[in-house]
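This is a predicted model, so every value here is computed, not measured. Worth knowing before you read on, the calculation uses all heavy atoms, side chains too, and leaves out hydrogens, waters and symmetry mates.
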2 protein chains.
Amino acid sequence: MPESPAIPAPTLRRLPEYLGVLLDREAAGEAWISSEAIGQSLGFGAVQVRKDLAALGAPGSPRRGYPVSATILRLREYPGTGGGSDAFLVGAGNLGRALLEDPGIVRHGFRIAGVFDLSPDRVDRILGGRKVLPLGALPDLVRRTGCRLAVLAVDPDQAGAASLALVRAGITGMLDLTGSACPFPRTLIVRRIGIGAGLAALAGELEAREREKNLDGFPRQT
Amino acid sequence: MPESPAIPAPTLRRLPEYLGVLLDREAAGEAWISSEAIGQSLGFGAVQVRKDLAALGAPGSPRRGYPVSATILRLREYPGTGGGSDAFLVGAGNLGRALLEDPGIVRHGFRIAGVFDLSPDRVDRILGGRKVLPLGALPDLVRRTGCRLAVLAVDPDQAGAASLALVRAGITGMLDLTGSACPFPRTLIVRRIGIGAGLAALAGELEAREREKNLDGFPRQT
DNA sequence: AATTGTGAACTCGTTCACAGCG
DNA sequence: CGCTGTGAACGAGTTCACAATT
């Protein structure tokens, strides 16, 4: 029976970040790290960290903290979050090229299993040492490799067509970097990451924080 | 007095996404859109959409929905979320180049105000039609332009040094794309977007959903 | 009749306080 | 003593149910 009675989604989203911190620590030669230190690195509280690691089942040791290497192992052991799976890259433009060299993907244990594009003039080119394949080749590869993840990095106006093809090919999880918002079937789990939207949210938060400060610190005229 | 009694952060993060949907609709020539339709495009409930738009102060009309153009205006009007501000780009590698062409940034009303890098051999090169400047030139530009936002897209091992320089230069909001987790001073608002971490979270969610399905749909032997 | 608008209930994650342990 | 582990309290955000509108 699974010892993990469903880890809550917010926790799930933080686990990979913990992995990042721990890898840094390991590289620095440290053997132990406290929840306090982990929290400080990421901007959340120590209790949060403990709760999350407890949910994972990663034990710490009083007075010393969490064992760096063992905890990394534990994080990697959790299916999905630790990586080990591969993902297809759809979109062979500049963004796609950048992703092929992104150390973050490797660091989290993922590998780009293949590069695809819709545009005929991009197909067959070499990008980052990989031959770009037509989307038509995807269904077969999904079947043969069992890989169900894809990163969508095409132009926004191609997002709809591409995602439709992905679903048809049997992809079940998609990381959408296009910033375009088209409706997807519920069978496909979509996670959206938009640089533009991210900037906007950041700017909004900044604005909010500033306003708040002005209000209860220095109430000034309209 | 501000008519916005602090919009909650989760809402703030969704507003830019609404903008995306509405722009699509406007391009399609539609004049009205229902909360239901907006929700469907983004994967959340209709009530959520209504609550968010209400928080913004964007009125809808019973029986017809929300006026597309007017709502876009209203979204843009909200300081920050609607864009209009600029942002500096720090990191002139492949990822940086991709960002310079990212339609999502423009779509949300942002502009890259300048490109910077730490590495001397990247400085003075031309990237996407922009001359890459040394980080040393940043403080002066921050002062002159009033722009306080930066996108960090350097190599992960330079993230610490770069972010320190950003703080010193007077940057108050940073969108961190490096996936590296170094501690930042509390004065700097950081929003992290990691492709690797995103993939991992997605894979985790996928795994969780699958397990859940197996459990209460088709309980099979250990 | 369809869709917005919203007070109230509820759910879920975070925070608190402190017990447990090395 | 310092740090983990966790049950309980709290609070924020989401969902529900229904009134209001055209």
Interatomic distance, A:L42 CG vs C:dT14 P [rounded to whole Å]: 13 Å
Donor-acceptor contact below 3.5 Å, side chain B:H108 vs main chain B:P16: yes
Side chain to side chain, A:L99 and A:L177, heavy atoms closer than 4.5 Å: yes
Shortest non-hydrogen separation from A:Y66 to A:P59 and the atoms involved: CD2-O, 3.7 Å
Protein-nucleotide distance (A:R13, atom CZ; C:dG13, atom C1'), rounded to Å: 12 Å
Side-chain donor/acceptor of A:R74 to backbone N/O of A:L56, under 3.5 Å: yes
Charged N-O contact under 4.0 Å between B:R107 and B:D24: yes
N or O in side chain of A:Q48 less than 4.0 angstrom from C:dG13 OP1/OP2: no
Whole angstrom value for the distance that separates C1' of C:dT4 from OH of B:Y18: 14 Å
Sugar-phosphate, base or nothing in reach of B:Y66, heavy atoms under 4.0 Å: sugar-phosphate
With 3.5 Å as the limit, what N/O pairs link the protein to nucleotides 17-22 of chain C?
none

Test log, rule side-chain contact (heavy atoms from CB on, under 4.5 Å), inputs A:I105 and A:I112: CA-CA 8 Å; A:I105 292 183; A:I112 298 296; 4.3 Å; yes
Chain A footprint on DNA chain D, 5' to 3' - any atom under 4.0 Å from a heavy atom: D:dC1 to D:dA8
Contact nearer the 5' end of DNA chain C, comparing B:S35 with B:K51: B:S35
Sugar-phosphate only, base, or nothing, as touched by B:T11 at under 4.0 Å among non-hydrogen atoms: nothing
Donor-acceptor contact below 3.5 Å, side chain B:T71 vs main chain B:P67: yes
Any donor-acceptor N/O pair, A:R192 side chain to A:L175 backbone, under 3.5 Å: no
